[in-house]
Visitor: 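I'd like to ask you about the structure that follows.
These values consider heavy atoms only, across backbone and side chains, with no hydrogens, waters or symmetry-generated copies. Note on naming: letters A, B, ... go to the chains in the order of the sequence lines (proteins, then strands), and numbering restarts at 1 for each one.
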4 protein chains.
Amino acid sequence: MKTPTKRDEILQAALELIAEHGFHGAPMAMIAEKAGVGAGTIYRYFETKDVLIRQLFEELKAKIMAALLAGHPTGKPARERFSHLWKVLFRYLVANPLHHRYMEQYHNSPYGVAQHRDRLLNKPDEQDPIRSLFEEGIEQQILKDLPIMVMFSLAFGPLFGLIQDQLNGFIEMDDALIEKTVGACWDGLKR
Amino acid sequence: MKTPTKRDEILQAALELIAEHGFHGAPMAMIAEKAGVGAGTIYRYFETKDVLIRQLFEELKAKIMAALLAGHPTGKPARERFSHLWKVLFRYLVANPLHHRYMEQYHNSPYGVAQHRDRLLNKPDEQDPIRSLFEEGIEQQILKDLPIMVMFSLAFGPLFGLIQDQLNGFIEMDDALIEKTVGACWDGLKR
Amino acid sequence: MKTPTKRDEILQAALELIAEHGFHGAPMAMIAEKAGVGAGTIYRYFETKDVLIRQLFEELKAKIMAALLAGHPTGKPARERFSHLWKVLFRYLVANPLHHRYMEQYHNSPYGVAQHRDRLLNKPDEQDPIRSLFEEGIEQQILKDLPIMVMFSLAFGPLFGLIQDQLNGFIEMDDALIEKTVGACWDGLKR
Amino acid sequence: MKTPTKRDEILQAALELIAEHGFHGAPMAMIAEKAGVGAGTIYRYFETKDVLIRQLFEELKAKIMAALLAGHPTGKPARERFSHLWKVLFRYLVANPLHHRYMEQYHNSPYGVAQHRDRLLNKPDEQDPIRSLFEEGIEQQILKDLPIMVMFSLAFGPLFGLIQDQLNGFIEMDDALIEKTVGACWDGLKR
DNA sequence: GATGAATGAGCGTTCATTCAT
DNA sequence: GATGAATGAACGCTCATTCAT
């Protein structure tokens, strides 16, 4: 455990304020204050507010990807890998509600115009366990033969909606319910 | 066809500008100009910009609900009703991309903090064909026995993601693909 | 005598502050206050501070040109026309010291990089009594055969230096001394 | 040739940046970087930016004075001494355009409010070849009997304008033209 | 009712200066 | 002595809102 750098403090402050109040509800001066630095200091680490917002997005994306890859049961059956991925992502976002809210705001704003939820899980230049899972499953005729994009939405579209509901207190997904829901998503995908 | 009132022109101008440029990319003066009215005139119809944004949301929500109810095959089997609802909603949002983008921005912003996508389809004080469909289906043991919220997400979560992809040009959902996708969503719901 | 418009008040306030304190010693807020308007009001009349500075320059230039042309003894001998022009310009700048200081600051700044003192007196697309005077005098072999640019500097270079001195209180040019000085400049020009 | 000290490097960097971009286009951090020193280091040599700007002015003034005095044909006729001074100054400024641009910016800014071009050539507490030339010439009735200030402007006012024109590429003063121009200035001075 | 000129608080950003290392 | 990260006051500019016409 290293002590957080000034850059980290700024990113954390920005995350908290933007997740809660939106991009224009988080003035640079407020971010600076929350981070415990001078207003000008932010600009030593981030050229503009836009750059700060974009880099924060990249950091969060990387953390989520890392969570997805950690402990991935490579080599196990498709059904098991799917279940693992789905649950890891669900639990990550429930455990990190600010990350979720930030990502959602980012995607639905001019910043994220060219980037999309699915993109997040679909960088072809990286090892992507989700894409491989789908491609493999389709080839082996375990899964329905639908475009990858449709597969993504069938698999993870329900997840994002349920995260919202859980974070907003409309539902409490316990392990049993999560398990059932993963099963239902899989039913949508499989032949 | 009635000629649009000044209020309508303002709402339409706000819709176009906000859907494209976001809330803070649409100054009141710009909305006024696009609507062909004076800047001060907006305040005769909407107390503040916040109120305008909120009322526009309500109007769009009402229009979508109206579309969902129009031509609904009451009395037909659950599977058929589901398919109808899903396709009507999909086609409505593809045909009205500004509505979709506005709703998404609204939901993922401080404005929409207390309102949610599922809420949109879940006002218990209205006749709600979706809720009845799910409740009925569960009772008749056609559908999985899951909380209504989970059912909603399983059913319509994939839809919103696919709308984004379609609007962003990443996929072209033709009638056949839509049909298959509805089928896959149904597979996720049914026992 | 019409009452000055808001635009005029802003230009006048800018002239006074910039002439005395320089471009960066005259914040927009200070100009606004001196002009008796709100800070934002300036931007209804001038897109940016740069535009304000440039338009003020153009206004002053036009006023000086107008003064030069008013009462010009067209048709009179070259010597007499020269004397008239020189004295009118001298007196105008002494009477309007802010104009002088503003013009000098403008010329010696990135704003005026492409514009020059001589340019001021040398717009070939306007009727230019100075240029005609020189061209005519050279042709008639009254004046030395030197490039027009050199003629300008010989004729008016001394003037600007003397204006500075007078405004700074280092010298008091009375009518007799002005007359002698014009004569000396003419001696420099003539064959 | 001694290696330049840190102080010299700072002054040189300031000269280049300010001459090209103006006082407010040359932040201390940029000057430091160009000089190859730390931002704080400048403050070991110059108390504030203002002091740096003023001391740079003094250094340049001293260099110009030195150039004027070097090789001065003391004892030769007034006409020859004048010609020498004029040409030395002209060539110095053409050869050192940054010096010229810096001096001009300085004079026409709040910094130079109390200092003036003529002052540059008129420090009574130094040996001043120009002042002596004029005083002597007037006494010997070679030159017009005008105040020294007027003599200065008649003699050197044209020079500064022509330097600008030359540096801006509007004129190319070759030796012959320089000679003629010196002659014209002399014609303005002499009886 | 309708207008749009006017407002000024508040924003993102810069930069002269300081000071711990 | 030298550094450069950190500071925060001050800048140019925007825009939701008001109000005299």
Side-chain angles (χ1 to χ4, degrees), chain A residues 5-7 9-10 23-33 35-53, chain B residues 5-7 9-10 23-33 35-53, chain C residues 5-7 9-10 23-33 35-53, chain D residues 5-7 9-10 23-33 35-53:
Chain A
T5 65
K6 219 152 256 206
R7 185 172 179 281
E9 312 241 43
I10 293 164
F23 293 117
H24 49 271
M28 292 299 261
M30 201 181 286
I31 294 172
E33 195 188 18
V37 303
T41 303
I42 296 181
Y43 291 88
R44 295 197 63 72
Y45 297 95
F46 307 97
E47 228 172 323
T48 64
K49 189 178 186 182
D50 271 33
V51 168
L52 165 58
I53 285 168
Chain B
T5 64
K6 237 162 228 195
R7 187 172 178 280
E9 311 246 41
I10 292 165
F23 293 117
H24 46 271
M28 291 299 259
M30 202 182 287
I31 293 172
E33 194 189 21
V37 304
T41 303
I42 296 182
Y43 290 86
R44 299 218 145 269
Y45 296 95
F46 307 96
E47 221 174 326
T48 66
K49 191 181 186 181
D50 272 31
V51 168
L52 165 58
I53 285 169
Chain C
T5 65
K6 219 151 255 208
R7 186 172 179 279
E9 312 242 43
I10 293 165
F23 293 117
H24 47 272
M28 292 299 260
M30 200 182 288
I31 294 172
E33 195 187 19
V37 303
T41 303
I42 297 181
Y43 292 88
R44 295 198 63 73
Y45 297 95
F46 307 97
E47 228 172 322
T48 64
K49 189 177 186 184
D50 271 34
V51 167
L52 165 58
I53 286 168
Chain D
T5 65
K6 234 158 232 200
R7 186 172 180 283
E9 311 245 42
I10 292 164
F23 292 117
H24 46 274
M28 292 299 260
M30 202 183 287
I31 294 172
E33 194 189 20
V37 304
T41 305
I42 296 181
Y43 290 85
R44 300 217 144 270
Y45 297 96
F46 307 95
E47 221 173 327
T48 64
K49 189 178 186 183
D50 272 32
V51 168
L52 165 58
I53 284 168

Visitor: Atom OH of Tyr45(C) and atom C1' of dT7(E): how far apart are they, to the nearest Å?
Guide: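 So the OH-C1' distance, Tyr45(C) to dT7(E), works out to 12 Å.
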Visitor: Quickly work out the His24(A) NE2 to dA16(F) P distance and round it to whole Å.
Guide: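 Value for this atom pair: 10 Å.
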Visitor: Quick one: CD1 on Ile53(D) to NZ on Lys49(D), what's the gap to the nearest 0.5 Å?
Guide: 5.5 Å
Visitor: Rounding to a whole Å, what distance do you find between Glu33(C):CD and dA6(E):C1'?
Guide: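 In whole Å, dA6(E) C1' lies 17 Å from Glu33(C) CD.
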Visitor: In whole Å, I'd like the distance from the CZ atom of Phe23(C) to the P atom of dG12(F).
Guide: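 Atom-to-atom, Phe23(C) to dG12(F), this comes out as 13 Å.
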Visitor: Can you tell me how far the OG1 atom of Thr41(A) sits from the CZ atom of Arg7(A), to the nearest 0.5 Å?
Guide: 14.5 Å
Visitor: Rounded to the nearest 0.5 Å, what separation is found between the CD1 atom of Ile31(D) and the CE atom of Met28(D)?
Guide: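 So the gap between those two atoms works out to 6.0 Å.
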Visitor: Work out which heavy atom in Tyr43(A) is nearest to a heavy atom in Thr48(A); give both atom names and the distance.
Guide: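 Result for this residue pair: CE2-CA, 4.2 Å.
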Visitor: Taking for each residue the nucleotide of DNA chain E bearing the nearest heavy atom, is the 5' side occupied by Ile42(C) or by Glu47(A)?
Guide: Ile42(C)
Visitor: So which nucleotide from dT3(E), dT13(E), dT3(F) ends up closest to the side chain of Val37(B)?
Guide: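 Side chain of Val37(B) sits closest to dT3(E).
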Visitor: Find the partner of dT21(F): check Watson-Crick (N1-N3 plus N6-O4 or O6-N4) and G-U wobble (N1-O2, O6-N3) distances, both under 3.5 Å, and reply none if neither fits.
Guide: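 dT21(F) is paired, partner dA2(E).
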Visitor: Starting from the 5' end of DNA chain E, give me the residue, Gly40(C) or Pro27(A), whose nearest nucleotide shows up first.
Guide: Gly40(C)
Visitor: Looking across every strand, which nucleic acid part, if any, lies under 4.0 Å from Met28(D) by heavy atom: base, sugar-phosphate, or nothing?
Guide: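 Base contact.
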Visitor: Tell me: CE of Met30(B) to C1' of dC15(F), nearest whole Å?
Guide: 10 Å
Visitor: What is the separation between atom CD1 on Ile31(A) and atom P on dC11(E), rounded to the nearest whole Å?
Guide: 11 Å
Visitor: Base, sugar-phosphate, or nothing: which does Phe46(A) touch, judged by heavy atoms less than 4.0 Å apart?
Guide: nothing
Visitor: Is there a side-chain contact between Glu9(A) and Val37(A) in this structure, where contact means two heavy atoms from C-beta onward sitting under 4.5 Å apart?
Guide: no
Visitor: Which comes earlier along DNA chain F counting from the 5' end, the contact point of Lys6(A) or that of Tyr43(B), where each point is its nearest nucleotide?
Guide: Lys6(A)
Visitor: Rounded to the nearest Å, what distance is computed from the CG atom of residue Leu52(B) to the P atom of nucleotide dC15(F)?
Guide: 16 Å
Visitor: Please report the distance, rounded to the nearest Å, between NZ in Lys49(A) and C1' in dT14(F).
Guide: 14 Å
Visitor: Starting at the 5' end of DNA chain F and moving along, which residue's nearest nucleotide shows up first, Ala26(B) or Asp50(C)?
Guide: Asp50(C)
